[in-house]
**Student:** 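A single structure is presented below for examination.
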2 protein chains.
Amino acid sequence: MGMGRPRAFDADAALDQAMEVFWRHGYEGATIAQLTEAMHINPPSLYAAFGSKEGLLKAALDRYTEKRDAWMEKVLGAPTAREVAERFLMEHADAQTDPANPPGCLLVQGGLACGTGSANVPFELAARRNHTEDQLRDRFVRAKADRDLGDGADPASLARYLSAVASGMCVMASSGATREALREIAAVSLKAFEEQSKGDA
Amino acid sequence: MGMGRPRAFDADAALDQAMEVFWRHGYEGATIAQLTEAMHINPPSLYAAFGSKEGLLKAALDRYTEKRDAWMEKVLGAPTAREVAERFLMEHADAQTDPANPPGCLLVQGGLACGTGSANVPFELAARRNHTEDQLRDRFVRAKADRDLGDGADPASLARYLSAVASGMCVMASSGATREALREIAAVSLKAFEEQSKGDA
DNA sequence: CCACATCTGTAGCGAGCACTACAGATCGAT
DNA sequence: ATCGATCTGTAGTGCTCGCTACAGATGTGG
């Protein structure tokens, strides 16, 4: 039995293009016509490879998360909790205003509120945002065990705070905030982190 | 010449219902069928009164902004910049988790990224968010003149920071963050505000 | 009471949506 | 060379979308 005609496009390259469309227009705002045009394929190829529009989003999110995890590994590798926070915020400011990508972050731009037919899309995005917050929290738990964070510091609270600021920068970036504006926000946020992280029990 | 048959519904009450639908499903996720059902009117009444789906959104945003301005007046009336910041953040935490409303904030849930046919919706929302930021900045400029904020404090930077945190809390609220979680974020953020606001030139 | 203006409900319009049937093309296995 | 399997491009499918034509209802001014 034969193995069939081989796929004529690179799935990862196509996913990168789809990612950009979802990023710029949101899940519901992105049409199959726009997606297929950006991916340089026709609808049947899309559906054979990814099953549905939502399947394509998940595949794009998987790819996005891959890159993000590699990036987070670098951030979490900083020697101190304070430097983790600084890298996290500053690199967020830069990434969200990188002219190579649409402004903001796919996990926020993708869609916070959706129609009844796409109700699980916001959940999917939220789960991936929470993953980043969990990574930060785990890192801060370790920092506390290492006496790098004070006894009064709450790893979950600090991680949630950083996550909130990062999401807030997303919103600002999507409405045209400059890189300098986001860096300023990051710098101010860092003050709170420093204050909060030295707290005693 | 007669004045015609009078309108059989209350426009403001209908706008409150429309607001909730946009808030929960976003602009693109909200359908005319859902809107008319919530407003207890039929499509021709909607279009006679508001012109289009986008016209309805703007009317709903105007009404939202009215309430928000009344609320901001109370916030900005606090005696010191620090108390302004505290009220702003804490009341945001409460408002975004008020069970009487959908979670988050309409100005963020409404849609950060939209399809090509609704490209100006994100602008409309961003403009209203910026208005709040401007109000904060103006208040902090006054606080600086009153020697309530240090010479080194930057009113624009502080206002942008608070605005970013508020938007970040929106994102967290929309994915199910509790009121306590948001208050914790607000409390941590306030530390940064205090640090930054006493800065000398 | 009548003419006119505006609203209301029914019913449905064209357009665009996500998605797919189908036929031809291209592979591996025999 | 031929077959089965899988991909590709064309050309649609049915459905839902935002929106509206129309006729009847309900008000005011003369």
Side-chain angles (χ1 to χ4, degrees), chain A residues 1-15 17-19 21-22 24-61 110-111 113-121 124, chain B residues 1-15 17-19 21-22 24-61 110-111 113-121 124:
Chain A
M1 31 195 149
M3 288 175 57
R5 177 175 175 175
R7 178 175 290 161
F9 65 95
D10 176 35
D12 281 340
L15 278 180
Q17 303 302 318
M19 198 188 299
V21 176
F22 283 132
R24 194 173 300 279
H25 297 293
Y27 175 75
E28 294 191 306
T31 70
I32 297 291
Q34 287 173 323
L35 289 163
T36 53
E37 184 184 350
M39 298 165 83
H40 301 293
I41 61 176
N42 292 307
S45 298
L46 190 160
Y47 282 89
F50 306 107
S52 65
K53 186 184 178 185
E54 196 169 325
L56 174 63
L57 175 72
K58 286 184 185 168
L61 288 177
C114 280
T116 49
S118 323
N120 41 342
V121 167
E124 194 73 32
Chain B
M1 32 194 147
M3 289 175 55
R5 176 175 175 175
R7 180 176 287 160
F9 64 96
D10 176 37
D12 280 340
L15 277 180
Q17 303 302 318
M19 198 189 298
V21 176
F22 283 132
R24 194 174 300 280
H25 297 294
Y27 175 75
E28 294 191 307
T31 69
I32 296 292
Q34 287 174 322
L35 290 163
T36 53
E37 185 184 351
M39 299 165 82
H40 302 293
I41 60 175
N42 293 308
S45 298
L46 191 160
Y47 283 88
F50 306 108
S52 66
K53 185 183 177 185
E54 199 170 323
L56 175 62
L57 175 73
K58 287 184 185 168
L61 288 177
C114 280
T116 49
S118 324
N120 38 343
V121 168
E124 195 72 31

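The sequence lines fix the lettering, A, B, ..., with proteins before strands; numbering per chain opens at 1. Bear in mind the structure is a predicted one, so any value in this text is a computation, not a measurement.
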**Student:** Which one, C/dA18, D/dC19, C/dC27, comes nearest to the side chain of B/Lys53?
**Tutor:** D/dC19
**Student:** Using 0.5 Å steps for rounding, measure from the CD atom of B/Glu54 to the CG atom of B/Asn120.
**Tutor:** 4.0 Å
**Student:** In whole angstrom, give the distance that lies between atom CE of A/Met39 and atom P of C/dA18.
**Tutor:** 13 Å
**Student:** Looking across every strand, which nucleic acid part, if any, lies under 4.0 Å from B/Pro43 by heavy atom: base, sugar-phosphate, or nothing?
**Tutor:** base
**Student:** Just the rounded figure in Å: distance from P of C/dC17 to NE2 of A/His25.
**Tutor:** 11 Å
**Student:** When the distance from CD of B/Glu37 to P of C/dG9 is rounded to whole Å, what number comes out?
**Tutor:** 14 Å
**Student:** B/Leu46 CG to D/dC19 P: how many Å, rounded?
**Tutor:** 9 Å
**Student:** To the nearest 0.5 Å, how far apart are CZ in A/Phe22 and CG in A/Leu35?
**Tutor:** 4.5 Å
**Student:** With a cut-off of less than 4.0 Å, is there a side-chain N or O of B/Ser45 near OP1 or OP2 of C/dC7?
**Tutor:** no
**Student:** For a quick check of understanding: with a heavy-atom distance under 4.0 Å over all strands, which category does B/Phe9 fall into, base, sugar-phosphate or nothing?
**Tutor:** sugar-phosphate
**Student:** Can you identify which nucleotide, out of D/dT28, D/dC17, C/dT8, has its nearest atom closest to the B/Arg7 side chain?
**Tutor:** C/dT8
**Student:** Rounded off to whole Å, could you give me the CD-to-C1' distance for the A/Gln34 and C/dA18 pair?
**Tutor:** 13 Å
**Student:** Say whether, by atom type as modelled, one donor and one acceptor occur between the side chain of B/Ser118 and the main chain of B/Val121 under 3.5 angstrom.
**Tutor:** no
**Student:** Is there a donor-acceptor contact under 3.5 Å from the side chain of B/Thr36 to the main chain of B/Ile32?
**Tutor:** yes
**Student:** Between B/Pro6 and A/Ile32, which is nearer to the 5' end of DNA chain C once each is assigned its nearest nucleotide?
**Tutor:** B/Pro6
**Student:** Verify the contact: side-chain N or O of A/Tyr47 to OP1 or OP2 of C/dT20, cut-off strictly under 4.0 Å; return yes or no.
**Tutor:** no
**Student:** Whole angstrom is fine here: how far is it from CZ in B/Phe50 over to P in C/dT8?
**Tutor:** 11 Å
**Student:** May I ask you to say what A/Ala8 touches in the nucleic acid, namely base, sugar-phosphate or nothing, with a heavy-atom cut-off under 4.0 Å?
**Tutor:** sugar-phosphate
**Student:** Nearest heavy atom decides the nucleotide; on that basis, is A/Pro44 or A/Ala33 closer to the 5' end of DNA chain C?
**Tutor:** A/Ala33
**Student:** Rounding to an integer number of Å, can you tell me how far B/Asn42 CG sits from D/dA23 P?
**Tutor:** 18 Å
**Student:** Looking only at N and O atoms, is any donor in the side chain of A/Arg5 or the base of D/dC7 less than 3.5 Å from an acceptor on the other one?
**Tutor:** yes
**Student:** What's the CD1-P distance between B/Ile41 and C/dT10, to the nearest Å?
**Tutor:** 14 Å
**Student:** For A/Arg7 and A/Ala49, work out which heavy atoms get closest and say how close.
**Tutor:** NH2-CB, 3.6 Å
**Student:** How is B/Ala30 classified with respect to the nucleic acid when contacts are heavy atoms under 4.0 Å: base, sugar-phosphate, or nothing?
**Tutor:** sugar-phosphate
